[in-house]
Trainee: 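Below is one structure. I have some questions about it.
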2 protein chains.
Amino acid sequence: MARRFRGSEEVKVDAKGRVSIPAKFRRVFEASDPDWQAGKRAQLVIVYGTRDWNWLQLFTIEAMEEIEDGIARMPRGSAARNLLENIYQGHADEAEIDGDGRLVLPQKLREKIGLTDSAFFISAGDSLKVWTPEAYAEEERALEARVPELEPGADPLSLLAPAAAKDEG
Amino acid sequence: MARRFRGSEEVKVDAKGRVSIPAKFRRVFEASDPDWQAGKRAQLVIVYGTRDWNWLQLFTIEAMEEIEDGIARMPRGSAARNLLENIYQGHADEAEIDGDGRLVLPQKLREKIGLTDSAFFISAGDSLKVWTPEAYAEEERALEARVPELEPGADPLSLLAPAAAKDEG
DNA sequence: AGGGATGCCATGGGAATTCATGGGACGCAA
DNA sequence: TTGCGTCCCATGAATTCCCATGGCATCCCT
């Protein structure tokens, strides 16, 4: 089964903060949880990050282990390591997908990103980001604005070229 | 059950100095107290450290045993050993979580870190740090300021890359 | 090819339980 | 006797558990 997320999805958030994890994403969480087996609940980690994050980031167990290993290889006490520990360990929660395929987002986290009745999931490699649909629409506009060299209508893959073509004969 | 803390939480401090230990942290203290069993009170150690600490650090019993073993392996009488003993044994108290899931912070300790009506808990591996919310906000700003190479809006995980990305296949 | 039967999926809701928090009463010590 | 710490009880809110439903896609049998 795939170990990476692909695609995006919008789902309802009910009064209890439950969000149904779209099946295609759920499979990835299951496949990337070393302890998971059919019938059991897949574990995952919700990173809520520092005060300016207006999204949540859901990591598979394996992805989080990689991050933790990476952090562990950094010099103990270094500023960068402390910062990463602060985010990925200090501002993260363990969670699991319930028997109905849903994830319960605690009220605190819903409030942090302003989540009320709908949530937008979008793949980000080995993690899944959760936004309010409005916040994501905004983010998408901002994303484009951050790359002014891409003319409207141009093929985004043109951005790949400068990096790859250089050394070729 | 998990042996390591993850996440952060803000709780009320009442007039008697009681702070509710958030359930997810309480479980770690229970799991890491060799003598604990359902219904009993989990033991822990409060390290308040030297004069300049403006936080308290709560250690599980197991974590504290590891520290003590480490200290015991150091040359008796060495300056480093004396320093560690001073902090982790000389400036530490034993404590327990009461029947309602709360920890009572003695007035002395509350005063030391300026705790009045709210406390901020944040995970630090196998210990939990306790700050005033204000002091922690300050600390977090300082953490970020120490990593100027991280552009606002950049993925913090990019800090991991320099160490790991180059030789990867 | 039709037509149900089956099963997964997203969603909803009630009841039970846990959680964070507040308060009264008692005892001990300065 | 005034404050500080401990024990026990109370309560509203948040969270978990369990069960229910309608939609949609798939499978299988005829």
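The structure presented is a predicted model; accordingly, all values stated were derived computationally and were not measured. Order of the sequence lines fixes the chain letters, A, B, ..., with proteins taken first and strands second; residue numbering starts at 1 for each chain.
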Trainee: Looking at DNA chain D, which of residues 8-26 of chain B put a heavy atom within less than 4.0 Å of it?
Mentor: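 DNA chain D contact set from residues 8-26 of chain B: B:K16, B:R18.
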Trainee: Does a side-chain N-to-carboxylate-O contact under 4.0 Å join A:E30 and A:K40?
Mentor: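 No salt bridge links A:E30 with A:K40.
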Trainee: Would the distance check show the side chain of B:D126 and the main-chain N or O of B:A63 forming a donor-acceptor pair, the cut-off being under 3.5 Å?
Mentor: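 Not confirmed, B:D126 side chain does not pair with B:A63 backbone.
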Trainee: Taking any heavy-atom pair under 4.0 Å as a contact, classify A:D98: base, sugar-phosphate, or nothing.
Mentor: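 Counting heavy atoms under 4.0 Å across all strands, no contact is made by A:D98.
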Trainee: Is the shortest side-chain N/O distance from B:R41 to OP1 or OP2 of D:dC7 below 4.0 Å?
Mentor: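 Checking D:dC7 against B:R41, a side-chain N or O does come within under 4.0 Å of OP1 or OP2.
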Trainee: Take atom CD of B:Q107 and atom C1' of C:dA29, then tell me their distance rounded to the nearest Å.
Mentor: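 That distance rounds to 14 Å.
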Trainee: Without decimals, in angstroms, what is the distance between A:I46 CD1 and D:dT15 C1'?
Mentor: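 Whole-Å distance recorded here is 13 Å.
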Trainee: Taking OP1 and OP2 of D:dC4, is either one under 4.0 Å from a side-chain nitrogen or oxygen of B:R110?
Mentor: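 For D:dC4, neither OP1 nor OP2 has a side-chain N or O of B:R110 closer than 4.0 Å.
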Trainee: What's the closest nucleotide to the side chain of A:D100 if the choices are C:dG23, C:dT11, C:dT18?
Mentor: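 Selected nucleotide (nearest to the side chain): C:dT11.
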Trainee: Roughly, in whole Å, what's the span from CZ in B:R27 to P in D:dT16?
Mentor: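 In whole Å, D:dT16 P and B:R27 CZ are 9 Å from each other.
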Trainee: Using a 3.5 Å distance criterion without hydrogens, assess whether the side chain of A:D100 forms a donor-acceptor pair with backbone atoms of A:R102.
Mentor: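 No, the answer is negative, given that no donor and acceptor are paired below the 3.5 Å cut-off.
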Trainee: Round to a whole Å and report the spacing from NZ of B:K40 to C1' of D:dC7.
Mentor: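 Value for this atom pair: 18 Å.
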Trainee: Nearest whole angstrom, please: distance from the C1' of C:dG12 to the CG of A:D117.
Mentor: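 A:D117 atom CG is separated from C:dG12 atom C1' by 15 Å.
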Trainee: Can A:E139 and A:R146 be counted as an ion pair, charged N to O under 4.0 angstrom?
Mentor: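 Between A:R146 and A:E139 there is a salt bridge, with a charged N closer than 4.0 Å to a carboxylate O.
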Trainee: Using 4.0 Å as the upper bound for N to carboxylate O, is an ion pair formed by B:K24 and A:D93?
Mentor: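 Salt bridge: yes.
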Trainee: Can we call the ring centroids of A:F121 and A:Y136 under 6.0 Å apart?
Mentor: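 No, the ring of A:F121 stays outside the 6.0 Å limit from the ring of A:Y136, centre to centre.
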Trainee: Which nucleotide wins on minimum distance to the side chain of B:R102, given the candidates D:dC18, C:dG23, D:dC17?
Mentor: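 Closest nucleotide to the B:R102 side chain: C:dG23.
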Trainee: Nearest-Å distance, CG (A:L105) to C1' (D:dT16)?
Mentor: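 Taking CG of A:L105 and C1' of D:dT16, I get 15 Å after rounding.
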Trainee: Any salt bridge linking A:R141 with A:E138? Criterion: basic side-chain nitrogen under 4.0 Å from a carboxylate oxygen.
Mentor: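 Counted as a salt bridge, because a side-chain N and a carboxylate O are separated by less than 4.0 Å.
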Trainee: Within this structure, what is the CD1-to-P distance between B:I97 and D:dT6, rounded to whole angstrom?
Mentor: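 B:I97 atom CD1 is separated from D:dT6 atom P by 14 Å.
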